[in-house]
2 protein chains.
Amino acid sequence: MADTLTGRRRSVLQETRCQTCSLSSLCLPLALEVDDMDQFDAIIRRRAPLKKGEALFRQDTPFSSVFAVRSGSLKQVTTEGSGEDQLTNFYLPSELVGLDGIDEQRYPGTVVALETTTVCEIPFDRLDHLAESMPELRGQLYRSMSKELRDDRRMMRLLSRKTADQRLASFFTSLSERFRRRGYSPYSFRLSMARADIGNYLGLAVETVSRILGRFQTQGLVAVSGREVNILDLPALTRLAEEEGAH
Amino acid sequence: MADTLTGRRRSVLQETRCQTCSLSSLCLPLALEVDDMDQFDAIIRRRAPLKKGEALFRQDTPFSSVFAVRSGSLKQVTTEGSGEDQLTNFYLPSELVGLDGIDEQRYPGTVVALETTTVCEIPFDRLDHLAESMPELRGQLYRSMSKELRDDRRMMRLLSRKTADQRLASFFTSLSERFRRRGYSPYSFRLSMARADIGNYLGLAVETVSRILGRFQTQGLVAVSGREVNILDLPALTRLAEEEGAH
DNA sequence: TTTCCTTCTTGATCGTGGTCATGGCCCCAT
DNA sequence: ATGGGGCCATGACCACGATCAAGAAGGAAA
């Protein structure tokens with residue numbers, strides 16, 4: 001009894017329930033009724049915040065859970081054979097991490113916090129069990145995976161058809177849009193990742209990222225100071241990002 | 001009654017039941033018991049074969065079904081804004097087409113047959129309904145999507161880190177492996193796609209594809225004649241495909 | 001503070017692969 | 001058989017972005 005009370009008090013203090021979470025309109029349980037959300041809530045495991053640089057999980061370790069980002073941000077990095085790392089994704093609050101591990105029951109990449117980050121752990125077998133009786137949850141799970149597929153295709157287009165300038169422009173407009181949807185300013189934000197991460201993600205050398213950032217600055221598209229970004233001309237940036245091909 | 005008989009006779013003649021399908025060990029219902037497979041079978045819609053160049057569905061049309069390839073092959077092409085097309089995938093028998101349309105309820109690309117091709121249409125709402133009571137089917141659906149996510153990540157790595165030679169080598173080894181899994185020769189096969197398709201898919205100009213194919217030939221890695229391919233040194237090709245970076 | 005190390009910027013040079021241009025080939029229709 | 005058109009191969013040239021190199025700025029710990 002004492003335990004239960006302590007448990008409840010702690011969870012309220014940490015605002016760890018889905019119903020009070022500010023991300024609930026974007027996150028997995030978005031379509032659930034109150035009762036269902038309570039059930040969903042009950043399978044979530046809270047975790048101590050990850051410090052910058054800490055790994056949420058490592059490549060090739062057994063898959064057991066997916067994770068919803070609650071605050072902070074992460075990057076997913078895959079190492080293959082003798083080759084160097086490939087950064088395949090950045091994750092922001094409300095996004096689901098680990099879905100690509102279901103198939104082989106191992107995580108295909110290491111996921112690392114870019115800053116202090118908290119996540120909700122969702123054991124996959126229990127999630128699937130709930131999904132059996134909650135069509136809305138099932139639908140939301142399909143949609144999350146489907147959306148990630150679409151985003152991947154967009155990334156392939158970027159990598160195979162866009163110039164370096166267009167890649168950077170796409171990167172900024174995409175980030176801007178993601179911040180907007182989460183209620184933050186779409187014009188002013190702080191990058192949690194290093195230039196090297198951006199380059200790796202976009203298929204560019206760090207030097208190229210630096211150079212183009214400089215050029216964007218002189219063109220009055222953005223104002224960058226370290227990791228602080230101000231988008232000055234979003235329409236122009238969007239145009240640049242969307243016009244494809246070499247010229 | 002007459003209708004039922006006719007229906008049953010037709011389906012037997014066309015070998016259109018999952019239980020008699022040679023792909024059943026690779027396809028969606030792979031984990032199902034006999035009874036479940038019959039239920040699954042009942043929601044499948046058979047389709048007249050697509051002729052070369054015909055579209056299975058077009059970009060931005062409403063999503064309603066996913067499709068399992070029964071024979072032949074297809075390509076998925078996305079057109080965006082003013083830009084040119086981007087070929088995002090080739091589909092071979094047993095593979096599932098259309099999963100990236102769930103999220104927005106519209107197909108994000110046009111899918112076109114590369115040769116005479118037959119598919120099984122699986123209405124998604126009925127599939128989901130079945131999945132509710134068949135955990136194995138649900139699992140297989142997750143796995144299909146998860147696998148596609150992993151393949152996409154591999155493609156991103158190819159596009160952002162590999163040289164033209166390594167891309168072509170990867171393309172051949174991947175095709176070879178896919179044929180092998182389907183019971184065909186991994187060494188000798190016919191490409192159903194044009195050079196231009198390969199180039200578009202791999203992020204290379206057609207001319208580059210031609211040139212490198214020529215080089216592979218003189219290096220004794222493959223023998224290519226038109227669309228007929230003979231892989232002569234698979235180990236070397238695999239090594240080339242896997243060693244990443246510029247050198 | 002000072003130090004040390006990581007991160008970022010800027011410059012110079014070079015190479016891969018894109019672009020443009022031409023010609024051959026294969027397949028199909030008439 | 002004879003064009004015609006898509007598909008493919010090869011050559012010449014050039015540009016984008018990688019690589020190499022050096023130095024400046026930022027940030028954490030003593």
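A quick note: this is a predicted structure, and the numbers were derived from the prediction, not measured. Just so it is clear: chains get the letters A, B, ... in the order the sequence lines come, proteins before strands, and each one is counted from 1.
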Taking the side chain as every heavy atom from C-beta outward, state whether A:Q166 and A:L240 have any atom pair closer than 4.5 Å. yes

Whole-Å gap separating P (D:dA18) and CG (A:D165): 12 Å

Answer yes if the side chains of A:Q59 and A:T78 hold a donor-acceptor pair under 3.5 Å, and no otherwise. no

Tell me every residue that passes salt bridge (charged side-chain N to carboxylate O under 4.0 Å, His left out) with B:R58, counting only those two or more places apart in sequence or in another chain. none

Rounded interatomic separation in angstrom, taking CZ from B:R195 and C1' from C:dG17: 18 Å

Nearest-angstrom distance from the residue atom CG of B:D197 to C1' of D:dG6: 13 Å

When rounded to whole Å, the CZ to P distance for the pair A:R161 and C:dG18 reads 10 Å

Qualifying residue for salt bridge (charged side-chain N to carboxylate O under 4.0 Å, His left out) with A:E95, from A:R181, A:R178, A:R70: A:R178

For residues 86-108 of chain B, which residue pairs qualify under ring-ring contact (aromatic ring centres under 6.0 Å, His included), counting only residues two or more places apart or in two chains? B:F57-B:Y107, B:F63-B:Y107, B:F90-B:Y201

Report the distance from atom CG of B:L168 to atom P of D:dA9, rounded to the nearest whole Å. 11 Å

Between A:L158 (CG) and D:dG17 (P), how many Å, whole number? 12 Å

Can you measure B:K162 atom NZ to C:dT16 atom P for me and round it to whole angstrom units? 18 Å

Enumerate all atom pairs, one protein N or O and one N or O from nucleotides 24-30 of chain C, separated by less than 3.5 Å.
none

How would you label the contact of A:R227 with the nucleic acid (heavy atoms, under 4.0 Å): base, sugar-phosphate, or nothing? sugar-phosphate

Can you tell me how far C1' of C:dG18 sits from CZ of B:R167, to the nearest Å? 12 Å

Mind checking salt bridge (charged side-chain N to carboxylate O under 4.0 Å, His left out) for A:R153 and listing every partner two or more places apart, or none if nothing turns up? B:D100, B:E148, B:D152

Looking only at heavy atoms, the pair that brings A:G226 and A:R195 closest together is O-NH2, 2.7 Å

ring-ring contact (aromatic ring centres under 6.0 Å, His included): pairs with one or both residues in residues 144-167 of chain A, sequence neighbours excluded: none

Contacts to DNA chain C from residues 201-217 of chain B, heavy-atom cutoff under 4.0 Å, which residues? B:G203, B:L204, B:A205, B:E207, B:T208, B:R211

Donor-acceptor under 3.5 Å (A:N89 side chain, A:Q76 main chain): no

